[in-house]
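Single-structure report; data block below.
Here the structure is a predicted model, which means the values were calculated and not measured. Throughout, residue positions are numbered sequentially from 1 according to the sequence presented.
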Amino acid sequence: TLVIGALSLKGSKGETENQKQEQTNIWTHNTRENQEWLEEKPLRSDLIIPVEAFLLHRPELISQIDEKLKGQQGIQTVALVGPGGAGKTILSRQCAHKQKAKIVWEIDAETPESLKLSFESLAQAFAKTEEDQKILREIQEIKNASENEEKIIQFVKEHLRSHQSWFLVFDNVEEFANIHEYFPHD
């Protein structure tokens with residue numbers, strides 16, 4: 001099962017100030033068999049959640065998200081929309097913590113630089129074999145920034161395709177177009 005976590009959209013040009021405060025979070029889900037991966041340790045980024053006393057409990061939302069992702073084939077996407085500070089990131093992290101996916105990773109998509117750095121960190125985490133480490137070193141030596149970025153994206157997407165399950169959280173996205181090339185698809 002392939003799972004993509006939260007995508008936060010903050011708004012676009014021409015919107016009112018209130019609309020700019022509006023945000024969205026997205027998840028996606030897909031399954032594929034890969035016995036070797038099942039035997040490996042999970043790959044997870046740091047998903048910090050406040051202590052229980054500070055959390056808003058939203059069992060209905062979590063149930064709705066779980067229902068959307070449950071038993072579906074292919075990539076499933078869920079969007080959370082609401083004003084900034086409403087708790088979408090925390091909710092997406094709570095959902096990510098509950099996932100049984102072998103890969104759970106948060107992508108900081110607030111800026112092009114943070115998006116690229118998040119994908120580079122995921123690529124580093126995927127580079128477990130000598131062959132993958134060599135490929136990644138070769139990619140990092142590419143001087144052309146756009147070619148380097150394209151190869152990192154390709155490296156990560158190839159690894160996601162080869163694994164049974166994953167859950168990505170895209171957070172702080174201004175517009176979906178900003179992450180379109182990073183966003184995994186079937």
Margin query: Using only atom types and a distance under 3.5 Å, with no angle test, would you say the side chain of Gln133 pairs donor to acceptor with the backbone of Ala127?
Written below: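 Yes: the side chain of Gln133 pairs with the backbone of Ala127.
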
Margin query: Tell me whether His159 contacts the main-chain N or O of Phe155 through its side chain, where contact means a donor paired with an acceptor under 3.5 Å.
Written below: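 The answer is yes, because a donor-acceptor pair under 3.5 Å joins these two groups.
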
What side-chain donor-acceptor pairs closer than 3.5 Å can you find for residues 115-125, not counting sequence neighbours?
| unit_1 | atom_1 | unit_2 | atom_2 | d |
| --- | --- | --- | --- | --- |
| Lys116 | NZ | Glu120 | OE2 | 2.8 |
| Lys116 | NZ | Asn148 | OD1 | 3.1 |
| Ser118 | OG | Asp108 | N | 3.0 |
| Ser118 | OG | Ser114 | O | 3.0 |
| Ser121 | OG | Leu117 | O | 3.1 |

Without placing hydrogens or testing angles, list every side-chain donor-acceptor pair under 3.5 Å for residues 137-147, not counting sequence neighbours.
| unit_1 | atom_1 | unit_2 | atom_2 | d |
| --- | --- | --- | --- | --- |
| Asn144 | OD1 | Ser146 | N | 3.1 |
| Asn144 | OD1 | Ser146 | OG | 2.9 |
| Asn144 | OD1 | Glu147 | N | 2.9 |

Could you grab the distance from atom [atom1] of [X] to atom [atom2] of [Y], nearest 0.5 Å is fine?
| X | Y | atom1 | atom2 | value |
| --- | --- | --- | --- | --- |
| Asp132 | Lys128 | CG | NZ | 10.5 Å |
| Phe183 | Asn178 | CZ | CG | 13.5 Å |
| Ile179 | Ile107 | CD1 | CD1 | 9.5 Å |

Which heavy atom of [X] sits nearest a heavy atom of [Y], and at what distance?
| X | Y | value |
| --- | --- | --- |
| Ser165 | Lys102 | OG-N, 3.0 Å |
| Ala101 | Phe167 | CB-N, 4.1 Å |
| Gln99 | Asp66 | NE2-OD1, 4.3 Å |

Next item on the list: Taking side chain to side chain donor-acceptor pair (under 3.5 Å) as the test, write out the residues that go with Glu158, two or more places apart.
Entry: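 Gln154.
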
Margin query: Show, in sequence, the C-alpha distance, side-chain angles and deciding distance for Lys98 and Ile62, and conclude whether the side chain to side chain contact (heavy atoms under 4.5 Å, CB included) test is met.
Written below: CA-CA 10 Å; Lys98 291 179 60 179; Ile62 291 174; 3.3 Å; yes

Check: Do Ile65 and Leu91 touch side chain to side chain, with heavy atoms closer than 4.5 Å?
Finding: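 Yes, their side chains come closer than 4.5 Å.
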
Check: Side-chain contact, heavy-atom cut-off 4.5 Å: Phe126 with Val156?
Finding: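 A side-chain contact under 4.5 Å exists here.
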
Next item on the list: Answer yes when Lys88 and Asp171 have at least one side-chain N-carboxylate O distance shorter than 4.0 Å, and no when they do not.
Entry: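 No, Lys88 and Asp171 are not salt-bridged.
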
Note to self: For Asn172 and Thr111: C-alpha separation, side-chain torsions, deciding distance, then whether side chain to side chain contact (heavy atoms under 4.5 Å, CB included) applies.
What the structure shows: CA-CA 8 Å; Asn172 297 315; Thr111 66; over 6 Å; no

